[in-house]
Amino acid sequence: MFSTKAIELKSAAELACLRRGAEILSEALAAVMAAARPGSATLELDRIAAAELSRRKAKAAFLGYHGFPASLCVSINDEIIHGIPSASRKLREGDLVSLDLGCIYEGFYTDVAVTVGAGPVNPEAARLMKATREALDAGIAAMRPDGRLGDVSRAVQEHAEAAGFSVVREFVGHGIGRALHEDPPVPNFGKAGTGPRLTAGLVLAIEPMVNAGGWEARTLEDGWTCVTKDGSLSAHFEHTVAMTAQGPEVLTWHGRRP
Ligand code: MG
């Protein structure tokens with residue numbers, strides 16, 4: 001599963017750049033989150049994301065990536081990831097809405113995702129959102145200097161499964177920096193004590209995708225939208241996180257600046 005290619009560690013100067021990019025990205029995401037209300041077309045959210053990045057001199061990372069047609073991914077209810085914004089798709093009250101955004105700033109990529117409710121959501125959806133956010137937090141908390149990547153994967157999986165949910169296998173997190181997807185892959189499942197060492201300078205996009213039902217996924221005919229095979233709800237949270245000598249530094253944030 002893990003690549004044997006070299007993992008690129010970031011210098012202090014590169015980390016400073018990633019920090020600034022992550023700040024821009026998080027501010028743009030906050031604007032999108034504020035607009036994710038019942039009645040909003042998903043394309044409006046995309047337009048907001050694009051405008052917020054552009055006025056901060058950052059480029060949308062997903063637009064044109066392998067031909068993806070938008071700046072933002074909007075994945076609703078049983079959609080796991082890669083939902084394509086559309087003018088005709090309007091959020092409905094109770095929708096579970098995953099918003100995934102990436103940017104390029106001064107040559108460096110950062111990546112963030114959050115799941116929000118369009119208005120109030122049902123108790124199962126609320127529990128799924130909470131468990132997925134906590135699974136991400138548990139993965140980050142497992143990043144200890146000289147620990148292994150498998151510690152992160154295991155912590156995410158354990159938290160999600162303890163809540164009675166399952167983690168998607170087909171898509172994983174990734175290293176990030178001069179490219180959107182760098183080594184190493186960061187699965188949301190695995191074994192503690194295995195995989196690459198968590199060396200200072202390692203920068204990861206950790207992104208649990210958690211399904212209320214089974215972990216299996218399928219891709220729709222648009223070639224992008226990935227949904228749960230059993231039609232169950234799915235949630236997605238992601239942070240760009242740098243490993244430092246002292247421990248993890250979370251570069252992105254969700255909604256309110258920490
Ligand atoms: Mg990502």
Side-chain angles (χ1 to χ4, degrees), residues 1-3 7-8 10 18-19 21-26 28-29 32-33 45-46 49 53 58-75 79-85 97-105 107-116 132-133 135-137 139-140 143 149 152-153 156-157 160 167-190 195-196 202-211 215 217 219 224-227 234-243 248-254:
M1 167 103 233
F2 292 104
S3 161
I7 291 168
E8 278 189 40
K10 276 73 184 177
L18 281 157
R19 240 180 236 126
E23 188 178 341
I24 290 170
L25 181 68
S26 305
L29 180 72
V32 175
M33 288 168 72
L45 304 181
D46 178 66
L53 290 179
K59 261 182 70 182
F62 303 163
L63 183 64
Y65 187 80
H66 291 283
F68 189 76
S71 300
L72 178 74
C73 298
V74 186
S75 308
E79 297 170 357
I80 302 170
I81 48 169
H82 301 164
I84 301 172
V97 188
S98 297
L99 306 163
D100 190 356
L101 187 63
C103 85
I104 316 167
Y105 180 73
F108 285 90
Y109 287 79
T110 48
D111 199 354
V112 69
V114 68
T115 300
V116 297
T132 310
R133 187 175 358 97
L136 172 58
D137 292 343
I140 294 166
M143 292 175 74
L149 189 62
V152 176
S153 302
V156 169
Q157 180 177 17
V167 293
V168 172
R169 306 291 205 269
E170 199 173 332
F171 298 93
V172 299
H174 47 95
I176 187 163
R178 290 203 184 269
L180 178 57
H181 296 120
E182 292 186 353
D183 275 313
V186 183
N188 297 302
F189 52 94
L202 183 66
V203 180
L204 303 174
I206 306 174
E207 50 176 322
M209 289 149 260
V210 178
N211 297 349
W215 59 264
T219 303
W224 282 106
T225 314
C226 172
V227 300
S234 188
H236 180 206
F237 283 82
E238 176 176 29
H239 274 313
T240 298
V241 186
M243 192 64 197
E249 178 184 343
V250 184
L251 303 182
T252 43
W253 63 83
H254 298 141

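Each ligand, and each atom within it, is numbered from 1 in the order the structure gives.
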Sorted by chain and number, sequence neighbours left out, side-chain hydrogen bond (donor to acceptor under 3.5 Å, both in side chains) with T115 holds for S98
Describe, in one word, how the ring planes of H254 and F237 are oriented to each other, choosing from parallel (under 30°), tilted (30 to 60°) and perpendicular (over 60°). perpendicular
Between E238 atom OE2 and E207 atom OE2, the angle centred on the Mg ion (ligand 1) rounds (to 10°) to 90°
Atom name in D111, limited to N/O/S, at shortest distance from the Mg ion (ligand 1): OD2
Please report the shortest heavy-atom distance between A49 and L72, naming the atom on each side. CB-CB, 4.1 Å
Quick one, Y105 and L53 - any side-chain contact, counting heavy atoms below 4.5 Å? no
Within H174, is some N, O or S atom less than 2.8 Å away from the Mg ion (ligand 1)? yes
